Amino acid sequence: MKLTSNFAGGRLTVEVSGELDHHGAGELMAKLTERLESDLPRECVLDLRELKFMDSSGIAVMMRVTKRMRALGGRLRVENVREQPRRVIEASGIGKIIEIDG
Amino acid sequence: MNEINTVSLDFPSRSVNEAFARGAAACFAAQLDMTMTELGDIKTAVSEAVTNCTVHAYPDSIGTIHMRLRILEGNVLEIQVKDKGRGIEDVERAREPLFTTGGEERSGMGFTIMESFMDSVKVRSRPGAGTTVTMRRRVGRRPAGR
Ligand SMILES: Nc1ncnc2c1ncn2[C@@H]1O[C@H](COP(=O)(O)OP(=O)(O)OP(=O)(O)O)[C@@H](O)[C@H]1O
Ligand SMILES: [Mg+2]
């Protein structure tokens, strides 16, 4: 799991690549929290174009970011989701509470 | 169902082995003709079962995870993941969506995901003794109506 982030115009974009499981989720959450608390974005975008695998550990990360963004009066958007992560998102039902594009 | 092939692996419950376990399962499963979607589903189910051993069965120590993979007659893959860890008090409750004892780091969706990706998921558990999860999925040529 690797991540790069960019903050501009109130929007924090985080690109997560590789495989996201329990092994990498702690580090991802720590880095995301650090960015969210220092940037206080209005919108957080998770760009998953290079994310090749994700399990329920990724769902928990999305739930936590959603909560934090709502507390900040903003929202989370998830973009460019490949087939495997998309199936996990669908099976978990989290697609009903977060915005998924492409 | 007749067994066509099988492999067994024992490995320590280190989180780095989650990727190893799903990779090994995918490698073995590749003997069956299957789609990329099916392969993704199998990797996901393995990842969920193995992560549960790492996180819940052996919360404060490193224990052994046993994984047995079998190919059964009729293009069926069986995955068994077994631990000798803490066990589950109430299996029925544990399988409910969103139920978790793992706090905010977990979503409580692991069993729900295994159930939706596999044809069957059996859980046997005894508190203090351990848990065995056995999952089956028919791959490749799907029977009519699926
Ligand atoms: N191998 C196991 N040993 C002991 N307890 C387990 C085991 N597997 C599951 N459990 C119990 O069942 C609960 C539900 O498991 P499930 O995988 O559905 O969700 P989770 O692991 O809590 O969260 P997620 O899988 O979404 O990260 C766990 O919180 C835990 O209490
Ligand atoms: Mg789980």
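Please read these numbers as outputs of a predicted model, since none were measured by experiment. Below, chains carry the letters A, B, ... as their sequence lines are ordered, and counting in each starts from 1.
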Distance in Å, B:Glu104 CD paired with A:Lys67 NZ, rounded so as to fall on 0.5 Å steps: 6.0 Å
Selection from A:Ile94, A:Val88, A:Val61 maximising heavy-atom pairs under 4.5 Å formed with chain B: A:Val88
Approximate separation, where rounding is to 0.5 Å, of A:His23 NE2 and B:Phe20 CZ: 14.5 Å
hydrophobic_cluster_shared for A:Leu3 and A:Met54, side chain cutoff 4.5 Å: yes
Contact winner vs chain A - B:Leu39, B:Asp41, B:Thr112, B:Asn17, heavy-atom pairs under 4.5 Å: B:Asp41
Greatest number of heavy atom pairs closer than 4.5 Å to chain B - which of A:Glu90, A:Met63, A:Glu83: A:Glu83
Closest approach of B:Met109 to A:Ala91 (non-hydrogen atoms, all atoms of both residues): CE-O, 4.1 Å
Side chain, backbone, both or neither of B:Arg14 within contact of chain A (heavy atoms, under 4.5 Å): neither
Close side-chain approach of B:Ile113 to A:Asp55, heavy-atom, < 4.5 Å: no
Hydrophobic cluster identity match, A:Val45 and A:Leu48, side-chain contacts under 4.5 Å: no
Greater than 12 external heavy atoms within 6.0 Å of B:Glu89's CD: no
Spacing of A:Asp21 atom CG and B:Thr44 atom OG1 [to the nearest 0.5 Å]: 11.0 Å
Atom CD of A:Glu37: over 12 foreign heavy atoms under 6.0 Å: yes
More than 12 heavy atoms of other groups within 6.0 Å of A:Lys52 NZ: yes
Option that, when pairs with chain A are counted at under 4.5 Å, heavy atom only, ranks first among B:Ser47, B:Gly102, B:Gly110: B:Ser47
Verify same cluster id: B:Phe99, B:Val55 (apolar side-chain graph, 4.5 Å): no
Sub-4.5 Å side-chain heavy-atom contact between A:Gln84 and B:Lys43: no
Connected via hydrophobic side-chain network under 4.5 Å: A:Met62 and A:Val16: yes
Cluster check B:Leu72, B:Met135: I/L/V/M/F/W/Y, side chain < 4.5 angstrom: no
Residue from B:Glu48, B:Glu105, B:Glu18 passing side-chain hydrogen bond (donor to acceptor under 3.5 Å, both in side chains) with A:His22: B:Glu18
A:Ala60 versus B:Arg106, closest heavy-atom pair with distance: CB-C, 3.7 Å
From OG (B:Ser116) to CZ (A:Arg87), nearest 0.5 Å: 7.5 Å
Proximity breakdown for B:Thr54 and chain A, heavy-atom pairs closer than 4.5 Å: side chain
